[in-house]
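Worksheet: one structure, shown below.
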Protein chains: 2
Amino acid sequence: MITEELLESHQALRKKYTKGDIIFREGELPNHYFQIISGEVKMCNFNDDGREFIQGIFSPKQSFGEPPLFLNRLYPANAIAVSDCELFVLSKPLFLKLINENALVSMAIIENLAQRLHYKSVMAAEISSQEPEHRLLKLIDYSIRFFKIEKEKEGHRIDLTRQQMADLTGLRVETVIRAIKALEKKNEIKIINRKVFR
Amino acid sequence: MITEELLESHQALRKKYTKGDIIFREGELPNHYFQIISGEVKMCNFNDDGREFIQGIFSPKQSFGEPPLFLNRLYPANAIAVSDCELFVLSKPLFLKLINENALVSMAIIENLAQRLHYKSVMAAEISSQEPEHRLLKLIDYSIRFFKIEKEKEGHRIDLTRQQMADLTGLRVETVIRAIKALEKKNEIKIINRKVFR
DNA sequence: GTCGGTTTATGACTCAAATCATAAAGCAAA
DNA sequence: TTTGCTTTATGATTTGAGTCATAAACCGAC
């Protein structure tokens with residue numbers, strides 16, 4: 001999102017996290033801009049009885065957690081390392097300075113926020129009013145269309161566990177497993193040793 | 001969001017719509033920036049069997065429908081006039097010119113997008129994993145905290161119909177009616193001739 | 001190779017919200 | 001003040017996803 005040179009010239013630090021590490025918690029006050037160098041990070045909420053909802057999964061070059069930075073609000077969700085990862089970390093004042101000085105960066109931020117808003121609009125409509133199979137197909141197609149999914153000879157391989165799909169769509173694992181099988185039967189997707197292809 | 005002077009100096013037009021008018025449709029290509037002068041506009045989706053999901057309701061001074069403008073994507077939802085209203089309408093190229101020339105405006109856009117993203121994060125987590133009463137209370141509290149809700153002696157009056165609350169939370173009207181009554185019984189809210197107060 | 005943890009799988013059962021039906025109350029316009 | 005439409009209300013019934021239980025398949029570490 002923001003180039004390495006620009007980040008480093010503004011004294012961004014590199015910081016390593018190991019799988020499972022909590023980068024920040026829901027309810028905390030944001031103080032930093034984060035951008036992924038390597039690895040994956042998820043933002044998620046846990047409801048009263050521990051069930052998880054995944055707001056999004058982020059990959060290298062993507063940033064996360066900026067919105068409340070601009071609003072002086074508390075984080076609405078947790079950020080957790082999905083795998084070992086390395087991040088650029090830039091303090092809030094330096095980050096704001098950076099975007100004020102650089103029109104291109106602020107345009108990039110706008111596009112980034114617009115993109116996430118688009119995803120959330122699409123999924124919110126799905127989650128609130130569509131059946132499990134429909135929701136899952138939308139998630140899969142959205143992932144293919146807008147995320148980094150390499151096409152193989154069997155089709156696009158969806159690199160999400162059933163549990164992750166469940167947490168992204170607000171369903172239970174068992175429901176996802178059953179819906180995925182139903183979709184295979186309808187020839188909407190293929191399952192090749194447990195991986196979903198489309 | 002963007003000042004009247006700035007909009008008019010960039011040749012924005014004023015356009016009137018009457019209650020129920022469709023301002024743009026899901027699937028269309030965005031060509032304009034819209035900002036409300038008076039009245040209210042909702043953005044919503046309709047699922048396969050006609051059920052509505054309300055993405056958001058927008059009031060005077062607020063803009064809507066920009067995200068896909070920045071992404072060259074199709075509108076993910078419909079925009080419909082909730083009441084008679086008047087809007088500023090600015091063509092895409094002129095709008096992009098305006099924000100490029102004006103750092104303050106682009107910062108305002110960022111804040112606006114961040115705000116909507118925050119709302120969507122909160123509601124997505126609710127809708128996907130909380131009970132009806134919890135969802136409704138969150139919607140109500142969010143509305144009070146972040147939208148224009150005047151405090152009266154009975155508390156904050158929530159100016160949403162039961163149907164709108166249903167369409168905002170992904171519930172059915174009957175469920176909302178019952179949950180609202182349950183919340184009254186628990187003294188979380190008051191109902192004074194059918195209006196909800198908190 | 002074996003062990004332990006994760007992921008996928010499947011059946012039986014439950015239950016809360018959706019659905020369906022019906023009507024009262026409120027409100028705006030004729 | 002009557003008419004027609006919207007909004008709120010309430011009971012009965014259905015249903016599909018959630019829950020619970022159990023296990024097989026897979027995978028990485030030792």
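Below, chain A is the first sequence line, B the second, and so on; all start at residue 1.
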Is the A:H10-A:Y33 ring centre distance short of 6.0 angstrom? no
Within this structure, what is the [atom1]-to-[atom2] distance between [X] and [N], rounded to whole angstrom?
X      : N      : atom1 : atom2 : answer
A:I192 : D:dC26 : CD1   : C1'   : 17 Å
A:K195 : C:dT8  : NZ    : P     : 7 Å
B:Q130 : D:dG18 : CD    : C1'   : 15 Å
B:Q163 : D:dC5  : CD    : C1'   : 14 Å
B:M165 : D:dA9  : CE    : P     : 10 Å
B:I180 : D:dT7  : CD1   : P     : 16 Å
A:I177 : D:dA21 : CD1   : C1'   : 14 Å
B:H134 : C:dA16 : NE2   : C1'   : 17 Å

Please determine, by modelled atom types, if B:S63 and B:N112 share a side-chain donor-acceptor pair under 3.5 angstrom. yes
SB check [X] [Y] (cutoff 4.0 Å):
X      : Y      : value
B:E133 : B:K181 : no
A:R135 : A:E131 : no
A:R14  : A:E8   : yes

Checking B:R73 against A:F146: charged group under 6.0 Å from the ring centre and within 45 degrees of the axis? yes
How long is the gap from CD1 on B:I57 to CD on B:Q164, to the nearest 0.5 Å? 4.5 Å
Find the distance between CG (A:L69) and CG (A:L96) and round it off to the nearest 0.5 Å. 6.0 Å
Bend angle of the helix from C:dG1-D:dC30 to C:dA30-D:dT1, from helix axes over five pairs at each end, nearest 10°: 50°
Tell me if the NZ atom of A:K138 is crowded by more than 12 foreign heavy atoms within 6.0 Å. no
When you check the phosphate oxygens OP1 and OP2 of D:dT10, does a side-chain N or O of B:K181 lie under 4.0 Å from one of them? yes
Should A:R162 be listed as having a side-chain N or O under 4.0 Å from OP1 or OP2 of C:dT8? yes
How does protein contact run along nucleotides 17-30 of chain C, one letter per nucleotide 5' to 3', with B for base contact, S for sugar-phosphate only, - for none, heavy atoms under 4.0 Å? SSBB----BS----
